[in-house]
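Data block below; observations after.
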Amino acid sequence: MNKEISERLNKLKEEKNAVILAHIYQLPEIQDIADFVGDSLDLSRKAAETKADIIVFCGVHFMAETASILSPQKKVLIPDVYAGCPMADMITAGQLKEFKKKYKNPVVVAYVNTSAAVKAECDICCTSSNAVNVLKSIDGETKDADIIFVPDRNLGSYVQKMSGRKMQIWNGFCPTHNNMLPEMVLKAKNEHPEAEVLVHPECRPEVVELADFALSTGGMCKRVPQSSKKEFIIGTESGILYKLKKENPDKNFYPVSSAAVCPNMKKITLAKVVDVLTNMKNVVTVVEEIREKAYAPIKRMLEVDA
Ligand code: 13P
Ligand code: SF4
């Protein structure tokens, strides 16, 4: 890692009372300079808890936006404003409003991979690590037919299976995860028959079916050191391989697909991190009216998980 950049960043962080949060899919050099590397849920908790005045969010836009919704008094900076999430863009607030009209008293569960405007139209958020518990928290009076889940059809299908509640699921997906096919998992299993298979629930149901565990990125990082296995087939974005290997040097990891790369996560570079912190650029804000509405479902989610 570039020593000069890291020293510069440490100085800037101290001067400005800033913290650097990074998602597990970030480039190795970003993970190395971050104060905390975690999954979506851990990152939103850290954003809510930190005493720092400035959060540099190394991840995609909805993650930085969630941090800003939780901590409006802090400045949240994103190193690249074009780091979006195609799945989050697959539903707009207008589309969700129309969808809700089809049901009498809908309860809307929104994956955190949504815009603030969509969150403002929902009742409770979830991430891949707490989605099943969030579903279980919905009271038994609510008819299954009135539960709406947006936007990920694959996570929706997984949660439906695990919670036993039949929902109305939006037809969105993550291109990076949806492109992983069952034959790729079968090939990896064939090549590494002793390996434990861990996949993200954003993968297709046919892929999840072949796995030993469907876990969030943070869940995978916890599972590996607990497992007696030495080899793992990993069905999620490639950035996680760096963290897994760093924390478990005696174990081996094989990606389901080497093409599983989220181009948006990879837009964040060290130079951009230095630039936003030096120049206080790319502040992520949410209009107060939307922020207040979007805060409630995120807070409800954090309470479920507590
Ligand atoms: P995690 O919540 O598991 O970190 O997932 C976030 C994400 O964007 C997966 O593609
Ligand atoms: Fe969005 Fe998929 Fe990238 Fe995650 S991996 S940020 S869901 S596009």
Side-chain angles (χ1 to χ4, degrees), residues 21-27 30-31 34 36-47 57-67 78-91 109-115 118-119 125-134 149-156 158-159 162 170-180 198-204 207-208 211 213-224 234-244 255-268 298 301-302 304-305:
L21 304 183
H23 188 263
I24 294 170
Y25 296 158
Q26 289 291 294
L27 291 167
I30 300 290
Q31 295 192 30
F36 178 76
V37 181
D39 69 8
S40 309
L41 183 62
D42 295 336
L43 289 169
S44 53
R45 283 221 190 88
K46 285 280 168 197
F57 210 112
C58 300
V60 291
H61 194 265
F62 76 81
M63 296 178 175
E65 209 176 44
T66 304
I78 188 160
D80 189 315
V81 284
Y82 299 106
C85 169
M87 168 159 60
D89 294 339
M90 286 180 193
I91 187 162
V109 183
Y111 192 21
V112 75
N113 298 39
T114 42
S115 66
V118 166
K119 288 184 179 80
C125 288
C126 71
T127 73
S128 56
S129 66
N130 63 12
V132 177
N133 284 346
V134 164
F149 187 93
V150 297
D152 186 10
R153 66 183 185 212
N154 292 338
L155 178 63
Y158 173 73
V159 171
M162 301 307 286
W170 193 257
N171 194 21
F173 60 92
C174 160
T176 305
H177 286 85
N178 202 60
N179 281 346
M180 284 183 247
L198 310 179
V199 305
H200 199 277
E202 283 179 19
C203 293
R204 294 163 187 256
V207 165
V208 172
F213 297 97
L215 295 167
S216 71
T217 57
M220 289 185 197
C221 293
K222 286 191 194 102
R223 171 68 199 162
V224 168
I234 303 293
T236 193
E237 209 272 351
S238 66
I240 197 171
L241 299 169
Y242 176 71
K243 184 168 163 69
L244 289 175
V256 166
S257 161
S258 53
V261 176
C262 173
N264 285 286
M265 284 282 180
K266 274 31 186 191
K267 284 182 180 154
I268 311 298
I298 300 173
M301 164 185 89
L302 293 174
V304 165
D305 230 55

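Atoms within each ligand, like the ligands themselves, are counted from 1 in listed order. Counting from 1, the numbers follow the sequence of the chain as shown.
Panel note: side chain K119, backbone A110; no donor-acceptor pair is recorded below 3.5 Å. Put simply, the side chain of W170 gets close to the backbone of M90: a donor and an acceptor are under 3.5 Å apart.
Among all heavy-atom pairs drawn from Q31 and Q26, the shortest one is NE2-O, 2.8 Å.
For atom 7 (C) of ligand 1, the nearest non-hydrogen atom of the protein is E202 OE2, 3.6 Å.
Counting the atoms of ligand 2 from 1 in the order shown, those under 4.0 Å from a heavy atom of E202 are 2 (Fe), 7 (S). Counting the atoms of ligand 1 from 1 in the order shown, those under 4.0 Å from a heavy atom of S216 are 3 (O). Proximity to Y25 (heavy-atom distance under 4.0 Å) selects the following atoms of ligand 1: 7 (C), 9 (C), 10 (O). Distances below 4.0 Å separate heavy atoms of T217 from the following atoms of ligand 1: 1 (P), 3 (O), 4 (O). Shown in contact with S128 at under 4.0 Å from a heavy atom are these atoms of ligand 1, numbered in order with element: 1 (P), 2 (O), 3 (O).
Under the side-chain contact (heavy atoms from CB on, under 4.5 Å) criterion, L215 pairs with L198, F213, M220, R223, sequence neighbours left out.
H23 counts as a contact of ligand 1, since one of its heavy atoms falls under 4.0 Å from the ligand. By the 4.0 Å heavy-atom criterion, N113 is counted among the residues contacting ligand 1. Residue-ligand proximity: H200 is placed with a non-hydrogen atom under 4.0 Å from ligand 1. Using a 4.0 Å heavy-atom cutoff, H177 is listed among the residues neighbouring ligand 1.
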Before you tell me yes or no, could you show the steps for N178 and R153 under side-chain contact (heavy atoms from CB on, under 4.5 Å), namely the whole-Å CA-CA distance, both residues' side-chain angles and the distance that decides it to 0.1 Å? CA-CA 10 Å; N178 202 60; R153 66 183 185 212; 3.3 Å; yes

Pair E237, K266 - check side-chain contact (heavy atoms from CB on, under 4.5 Å), show working. CA-CA 11 Å; E237 209 272 351; K266 274 31 186 191; 2.9 Å; yes

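Between C221 and I24 there is a side-chain heavy-atom pair separated by less than 4.5 Å. By the 4.5 Å heavy-atom criterion applied to side chains, V37 and H23 are not counted as neighbours. Using a 4.5 Å heavy-atom cutoff, the side chains of L241 and P255 are in contact.
With respect to S40, the side-chain contact (heavy atoms from CB on, under 4.5 Å) criterion is satisfied by exactly one of T66, V60, V112: V112.
Side-chain contact check for Y158 and S128: no donor-acceptor pair (N or O, by modelled atom type) lies under 3.5 Å.
Between S40 and ligand 1, a contact under 3.5 Å exists for at least one N or O pair.
Ordered by chain and number, C85 SG make up the set of protein N, O or S atoms under 2.8 Å of atom 1 (Fe) of ligand 2.
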